[in-house]
Protein chains: 2
Amino acid sequence: MSQGYTIGRLSQLSGVNLETVRYYERIGLLPAPQRADNGYRRYNDAAARRLRFIRRGRELGFGIEAIRTLLQLVDHPQQPCHEADQLTRSHLEDVEAKIADLQAMRDELIRLAGCQSDSAEHCRLIEALDQGPD
Amino acid sequence: MSQGYTIGRLSQLSGVNLETVRYYERIGLLPAPQRADNGYRRYNDAAARRLRFIRRGRELGFGIEAIRTLLQLVDHPQQPCHEADQLTRSHLEDVEAKIADLQAMRDELIRLAGCQSDSAEHCRLIEALDQGPD
DNA sequence: CTTGACCCCGTAGTTGCTACAGGGTTTAGC
DNA sequence: GCTAAACCCTGTAGCAACTACGGGGTCAAG
C-alpha cells in the first residue's frame, strides 16, 4: 500500500462525512486527488488541512460560495484580507438577523406552549394561528 | 365575473406568494378550489383563512408536516389539543437549540471580524479556519 | 385591437448534503 | 485457497420548502 489516506481515513481525520467529501470534489471545492492503481482516491496532508478548513467554515455558517472565496485567499496569501473581512461582517449580519427571528419565534412559542384544553377549538396555538395578527 | 378571489388576489390577501399557493395545493396542504369557466381557480374566505393559518404556522417555524397535523385539529375542533402542544414544545426545543448554535457562531464571528491585515496569511479569519481547534 | 396584466400547467433549479443501487477490491480469518 | 466483511467506485435520486422558468391561454383598458 502506498502513502496517503483513503477517502474513508480522510473522512475520519477531517470529521467530514465520506459522501460529503466526494460531493465537495464534484462541486470543485476540494481538488480531485491522485488515484491509486485500483482507482481509489489517495489524499495527502494538504487535502486533510483543506477539508478541515472547509468544515470549520461550514461550522461558522459560511456558505459554499463564501468558502470558495476564502480558499482562494488561502491559495494567495499575499492578498489583503479585506474580502474575507467583508464576508465575515456580512455573514455576521445574517446570523444576527436569524437570531432575532428565532428569538421572536421562541417568545411566541413559549406563550403558546403548555395549553391543555380538551378541545382544539380553544387551544392557544390553534387560536393564535386561526385568528392571529396580520 | 363570479364571486370569490383569483389566486393572485388570494396571494395578496394572505401574504403568501402566488407560486407557493399552487405549491401548497400540489402537496395537499390547501384543498383544490373550484374552477371558473375559464379554468381559473376561485377561492373563498375559508381558503383565505386556511392560507393565513398556514402562513402564521410557517412564520413560527413549523414544518409542513406539523402544519398538516395542526390543520387536522382545526378540522376536528372537538379533539383535545395535546398533539398540538406536543408539536409546540418539540418545535420550541429545536428553536432554542438553533438559537444556541447561532449565538456560538455569532460570538466567534465577532471575534474574527474587523481584521485589516494586508496579507491574507495573517488574517484572523483565515488563520482560525486554517489552524483552528479540532 | 392591441398591449399589458393576469392565469394555466409542468418541470427544473435552489442549498448542502445524504442515500441508494449496482458494481469492484481488499483484508482478515480459517 | 476461500469466503465474508469492510472498504472503494460511479451515477442518480431524494430531502425541505419553495422559486423560477417556458410556453401557452385569457381578460380588461384605452
Side-chain angles (χ1 to χ4, degrees), chain A residues 1-30 32-43 47 51 53-71 87 91 94-95 98 101-102 105, chain B residues 1-2 4-30 32-43 47 51 53-71 87 91 94-95 98 101 105:
Chain A
M1 59 165 60
S2 52
Q3 289 177 321
Y5 319 117
T6 63
I7 194 171
R9 189 87 188 90
L10 182 73
S11 169
Q12 289 178 340
L13 286 174
S14 62
V16 174
N17 182 303
L18 184 147
E19 310 251 33
T20 304
V21 176
R22 287 201 277 252
Y23 168 70
Y24 286 159
E25 179 181 325
R26 243 195 346 273
I27 64 171
L29 205 59
L30 195 64
Q34 292 199 305
R35 299 287 181 132
D37 293 347
N38 54 14
Y40 288 14
R41 289 169 179 81
R42 278 276 134 196
Y43 295 97
L51 195 48
F53 184 104
I54 295 170
R55 200 206 61 208
R56 290 187 197 111
R58 293 292 300 129
E59 281 171 0
L60 284 177
F62 284 102
I64 295 290
E65 291 315 310
I67 289 174
R68 211 185 286 277
T69 302
L70 293 174
L71 282 169
L87 279 174
H91 179 45
D94 290 356
V95 167
K98 256 181 211 150
D101 280 2
L102 286 170
M105 277 186 206
Chain B
M1 54 164 60
S2 51
Y5 319 118
T6 64
I7 194 171
R9 190 85 189 89
L10 181 74
S11 167
Q12 288 177 342
L13 285 175
S14 63
V16 174
N17 183 302
L18 187 147
E19 311 250 32
T20 306
V21 177
R22 284 201 277 254
Y23 168 69
Y24 286 160
E25 180 181 325
R26 247 198 337 278
I27 64 172
L29 205 56
L30 194 64
Q34 291 199 303
R35 298 291 181 128
D37 292 348
N38 54 15
Y40 289 14
R41 290 168 179 82
R42 279 275 136 195
Y43 295 97
L51 194 48
F53 184 104
I54 296 169
R55 200 206 63 210
R56 290 188 197 110
R58 294 288 304 129
E59 281 171 2
L60 283 177
F62 285 101
I64 295 291
E65 291 315 309
I67 289 174
R68 211 185 284 277
T69 302
L70 294 173
L71 282 169
L87 279 173
H91 178 44
D94 290 357
V95 167
K98 258 184 208 146
D101 280 1
M105 278 187 205

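Below, read A as the first sequence line, B as the second, and so on, with proteins coming before strands; counting in each chain starts at 1.
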Determine whether B/Ile64 and B/Arg58 satisfy the following criterion, side-chain contact (heavy atoms from CB on, under 4.5 Å), listing intermediate values before the conclusion.
CA-CA 8 Å; B/Ile64 295 291; B/Arg58 294 288 304 129; 4.1 Å; yes
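Under the rule for a ring-ring contact (aromatic ring centres under 6.0 Å, His included), the partners of A/Phe62 that lie at least two apart in sequence or sit in another chain are A/His91.
We find that CD1 of B/Ile64 is positioned 11 Å from P of D/dT19, with the value rounded to whole Å. B/Arg42 has its CZ atom 12 Å from the C1' atom of C/dC6, to the nearest Å.
The shortest distance between side-chain heavy atoms of B/Leu10 and B/Arg41 does not fall below 4.5 Å. The shortest distance between side-chain heavy atoms of A/Leu70 and A/Phe53 falls below 4.5 Å.
The distance from the CD atom of B/Glu25 to the CG atom of B/Leu51 is 11.0 Å, given to the nearest 0.5 Å.
Among the atoms of the strands shown, none is found under 4.0 Å from any heavy atom of B/Ile27.
Under a 4.0 Å N-O distance rule, the pair A/Glu65/A/Arg68 qualifies as a salt bridge.
Taking a 6.0 Å sphere around CG of B/Asp37, one finds it holds 12 or fewer heavy atoms contributed by other residues, nucleotides or ligands.
For D/dC18, the OP1/OP2 oxygens have a side-chain nitrogen or oxygen of B/Arg58 closer than 4.0 Å. Note on A/Arg68: every side-chain N or O is 4.0 Å or more away from OP1 and OP2 of C/dG16.
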Filtered N/O pairs between nucleotides 25-27 of chain D and protein, under 3.5 Å:
from, atom 1, to, atom 2, distance (Å)
D/dG25, N2, B/Tyr40, OH, 2.9
D/dT26, O4', B/Tyr40, OH, 3.3
D/dC27, OP1, B/Asn38, ND2, 3.1

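Non-hydrogen atoms lying under 4.0 Å from DNA chain D are contributed by B/Asn17, B/Glu19, B/Thr20, B/Tyr23, B/Tyr24, all within residues 12-24 of chain B.
Closest to the A/Arg35 side chain, of the nucleotides C/dG16, C/dT11, D/dC9, is D/dC9.
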